[in-house]
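Working notes, structure below.
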Amino acid sequence: LVGAATGANISLLMASQQPERLAGLMVINPALNLSEEKKEQLKAAMMQCQHFASFEEAASALPHAQRWTDEVRTANAQAAFRQTATGYEWRCSLKAVAATYDAVAVPMWDQLAVRCPTLIVRAEESPVFSAADQEQLQQVIPGATSIMLADAGQLVMQDQPAELAHLLDHFVQNHNL
């Protein structure tokens with residue numbers, strides 16, 4: 001199971017609560033110690049603009065996209081936005097995204113009981129997963145492998161796609177998954 005950001009939080013909980021369903025786990029930038037202030041900042045940033053006059057305006061609103069190539073930004077924008085009669089809007093429900101932050105970005109250290117092979121990935125410039133959180137998570141999960149990716153922000157899949165794929169392939173091969 002691979003999870004990133006809030007999906008990493010969900011993956012950690014699933015691995016802890018249903019260990020028989022997993023052979024291995026890879027978590028990328030989980031938000032394990034997200035302060036109320038940071039959580040509200042993230043939600044506000046998403047909610048600030050819900051409608052865009054053009055595709056280019058919508059694509060420029062994608063969070064964490066500063067280092068992406070034009071090709072990656074365009075592909076992500078095509079997946080994230082839909083055209084309406086008056087411009088573009090998010091495909092997802094931003095209220096549902098905000099509710100997910102509220103539900104998942106909560107302290108969960110005492111709920112973690114992961115026992116499968118685990119790869120922990122932290123982006124060097126993640127705004128939500130600190131080096132201290134990474135170290136603590138590695139201590140909580142017996143035998144976990146922990147890696148920091150340089151020159152990557154919260155969305156590692158877009159910032160360093162080849163390196164992330166290499167890490168996942170290596171992890172799968174090393175654990176015969």
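Bear in mind that the values here come from a model prediction, so they are computed numbers and not experimental data.
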Donor-acceptor contact below 3.5 Å, side chain [X] vs main chain [Y]:
X: Glu57; Y: Ala53; value: yes
X: Arg21; Y: Met14; value: no
X: Gln160; Y: Asp151; value: yes
X: Thr118; Y: Cys116; value: yes

My understanding is that only residues two or more places apart in sequence, or in another chain, count here; which of them pass side chain to side chain contact (heavy atoms under 4.5 Å, CB included) with His166?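 His166: side chain to side chain contact (heavy atoms under 4.5 Å, CB included) contacts with Glu163.
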Quick one, Gln111 with Ser16, criterion side-chain hydrogen bond (donor to acceptor under 3.5 Å, both in side chains). Give me CA distance, side-chain angles, the key distance, then yes/no. CA-CA 7 Å; Gln111 299 175 55; Ser16 298; over 6 Å; no
Test side-chain hydrogen bond (donor to acceptor under 3.5 Å, both in side chains) applied to Glu89 and Thr84, step by step: CA-CA 7 Å; Glu89 66 183 17; Thr84 67; 5.1 Å; no
How close do Gly153 and Asn29 get, counting heavy atoms only, and between which atoms?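 Nearest pair, atom of Gly153 first, then Asn29: O-ND2, 3.5 Å.
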So which atom in Asp133 and which in Val128 form the shortest heavy-atom distance, rounded to 0.1 Å?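 Scanning both residues completely, I find the closest heavy atoms to be OD2-O, 3.8 Å.
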Is the centre of the Phe52 ring less than 6.0 Å from the centre of the Phe81 ring?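 Judged by ring-centre distance (under 6.0 Å), Phe52 and Phe81 do meet the cut-off.
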Using the rule that Ile, Leu, Val, Met, Phe, Trp and Tyr join whenever any side-chain heavy atoms are under 4.5 Å apart, tell me whether Leu119 and Met148 fall into a single cluster.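 Hydrophobic grouping puts Leu119 apart from Met148.
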Spacing of CG belonging to Leu155 relative to CG belonging to Leu164, to within rounding of 0.5 Å: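 One finds 11.5 Å between CG of Leu155 and CG of Leu164.
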